[in-house]
2 protein chains.
Amino acid sequence: MDEFIARGFAATRLDDVAKRAGVAKGTIYLHFKDKESMFEELIRTAIVPLISRLWGTPPQPGASVRDMVEGFAKTFIEEVATTRRGDLVRLIVAEGPRFPAVADFYYREVVSRGLAGMRALIELGIARGEIQHKSLARFPQIMVAPALIAVIWQSLFSRHAPLDALEMFRVHLDLIFGERRTT
Amino acid sequence: MDEFIARGFAATRLDDVAKRAGVAKGTIYLHFKDKESMFEELIRTAIVPLISRLWGTPPQPGASVRDMVEGFAKTFIEEVATTRRGDLVRLIVAEGPRFPAVADFYYREVVSRGLAGMRALIELGIARGEIQHKSLARFPQIMVAPALIAVIWQSLFSRHAPLDALEMFRVHLDLIFGERRTT
DNA sequence: TGACAATGACTGACTGGTCAGTCATAAAGT
DNA sequence: ACTTTATGACTGACCAGTCAGTCATTGTCA
């Protein structure tokens with residue numbers, strides 16, 4: 001996976017993958033049909049821990065919706081955006097159009113579930129009166145947009161201008177939930 | 001450029017590029033040093049019309065900041081996100097880490113200028129009282145985040161679930177500027 | 001004006017290197 | 001002994017980059 005993340009699908013050499021895995025090239029073909037299906041299966045299996053990282057954080061019982069979203073964002077930024085897992089997301093964005101199977105899987109397992117969960121949270125927030133903007137529930141993408149920005153910024157521009165992703169997300173939450181209580 | 005967008009740098013064959021351009025492969029080498037510098041130069045020149053599309057829209061004299069941002073977003077979504085130019089942005093995200101020169105250029109010419117302009121608009125909005133959240137000026141990325149989401153959604157997921165990017169952006173603006181006046 | 005020469009943009013067959021995928025052989029396991 | 005698992009040298013396709021040759025255009029001279 002690290003090889004694919006570093007070089008992309010086409011430029012990755014199976015000799016390097018084998019060396020990195022500590023096996024001979026032939027061994028790869030005992031486990032995978034060809035390079036393409038190896039790539040797809042690797043992504044599929046790599047996404048699983050990414051999902052469990054995200055849903056792994058237990059929501060505090062008495063927490064406000066804002067606290068839940070903020071905790072979620074904190075986990076995402078610390079565990080995904082600023083780590084190699086973030087590059088996995090970038091890899092999917094990069095290769096997705098050429099690997100519809102990958103894009104489909106990612107949509108079904110991550111995007112649609114994540115957005116559904118976020119929508120539920122938003123509706124809870126609306127019901128509790130924490131969120132004023134009812135139409136936000138129609139576009140849960142807005143809630144997570146800065147998180148994706150953080151992933152991309154991290155791998156492309158952080159050397160030019162570091163970005164405090166968590167603080168950015170908090171400002172974003174201020175827009176949605178109203179000004180932050182003093183911290 | 002279309003070949004690179006469709007296949008990525010590594011998988012693009014110069015024979016195909018030549019054929020598409022209506023010249024022989026050798027001709028390419030009369031204009032470019034090698035495949036890599038061709039890629040970089042092509043991106044550089046392709047970015048120019050992208051920039052001019054975005055700054056090309058004249059701001060109406062009496063327009064509110066919200067109208068200006070919304071007009072900007074409309075242009076972006078119509079002229080970039082839903083066209084081949086959007087895939088150019090995706091290509092830069094995809095290949096950026098392996099072509100620092102491309103990422104640098106994109107940061108200097110598009111990202112840093114765009115964010116600076118957006119920050120100026122935000123500060124104008126704050127001064128005029130249209131925007132309540134002063135800290136938004138620290139993260140102009142938030143303002144454009146849904147636009148980037150739209151680009152990525154378009155090329156990866158629109159077949160699964162079409163996204164009304166402009167409406168999403170309007171909802172996002174509602175968060176920033178307050179509820180929309182009736183339309 | 002017409003014949004000839006010079007130019008250089010363009011061509012595409014060719015080369016050398018790279019790499020996905022194979023398979024005869026070897027090692028490990030039972 | 002024999003089955004399963006692993007190896008890595010090998011093959012053939014592929015492709016970036018080269019370069020000797022072509023030819024339309026422009027310039028020169030009688």
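The chains referred to below are lettered A, B, ... by the order of the sequence lines, with proteins before strands, and numbering in each begins at 1.
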Original post:
What parts of residues 20-44 of chain B reach DNA chain D, counting only heavy atoms under 4.0 Å away?
Top reply: B:Lys25, B:Tyr29, B:Asp34, B:Lys35
**OP:** Report the residues that fulfil side chain to side chain donor-acceptor pair (under 3.5 Å) with A:Arg90, sequence neighbours left out, ordered by chain and then residue number.
**Re:** A:Asp87
Original post:
Taking only residues two or more places apart in sequence or in another chain, which ones pass side chain to side chain donor-acceptor pair (under 3.5 Å) with A:Arg170?
Top reply: A:Glu70
Subject >> Start and end of the DNA chain D segment that chain A contacts, any atom under 4.0 Å from a heavy atom >> reply: D:dA6 to D:dG8
**OP:** Could you list the residues that satisfy ring-ring contact (aromatic ring centres under 6.0 Å, His included) with A:Phe99, not counting sequence neighbours?
**Re:** A:Phe9, A:Phe39
Identify every side-chain donor-acceptor pair in residues 133-146 of chain A under 3.5 Å, counting partners at least two apart or on other chains, and give the distances.
residue: A:His133; atom: ND1; partner: B:Glu179; partner atom: OE2; Å: 2.7
residue: A:Arg138; atom: NH2; partner: B:Glu167; partner atom: OE2; Å: 3.2

Subject >> Test side chain to side chain donor-acceptor pair (under 3.5 Å) applied to A:Asp104 - qualifying residues, sequence neighbours left out >> reply: B:His160
**OP:** For A:Asp34, enumerate each residue passing the salt bridge (Lys or Arg N to Asp or Glu O under 4.0 Å) test, keeping only those at least two apart in sequence or located in another chain.
**Re:** none
**OP:** Using a cut-off of strictly less than 4.0 Å between a heavy atom of the residue and any atom of DNA chain D, enumerate the qualifying residues of residues 8-18 of chain B by number.
**Re:** B:Thr12, B:Arg13, B:Leu14
**OP:** Under the side chain to side chain donor-acceptor pair (under 3.5 Å) rule, collect the residues that match up with B:Asp164, sequence neighbours excluded.
**Re:** none
**OP:** Hey, could you give me each pair passing side chain to side chain donor-acceptor pair (under 3.5 Å) that has a residue in residues 106-120 of chain A? Not counting sequence neighbours.
**Re:** A:Glu109-A:Arg113
Original post:
Quick one: ring-ring contact (aromatic ring centres under 6.0 Å, His included) partners of A:Phe169, sequence neighbours excluded?
Top reply: A:His172
Original post:
So, the side chain of A:Arg84 versus the backbone of A:Asp2: is there a donor-acceptor pair under 3.5 Å, distance only?
Top reply: no
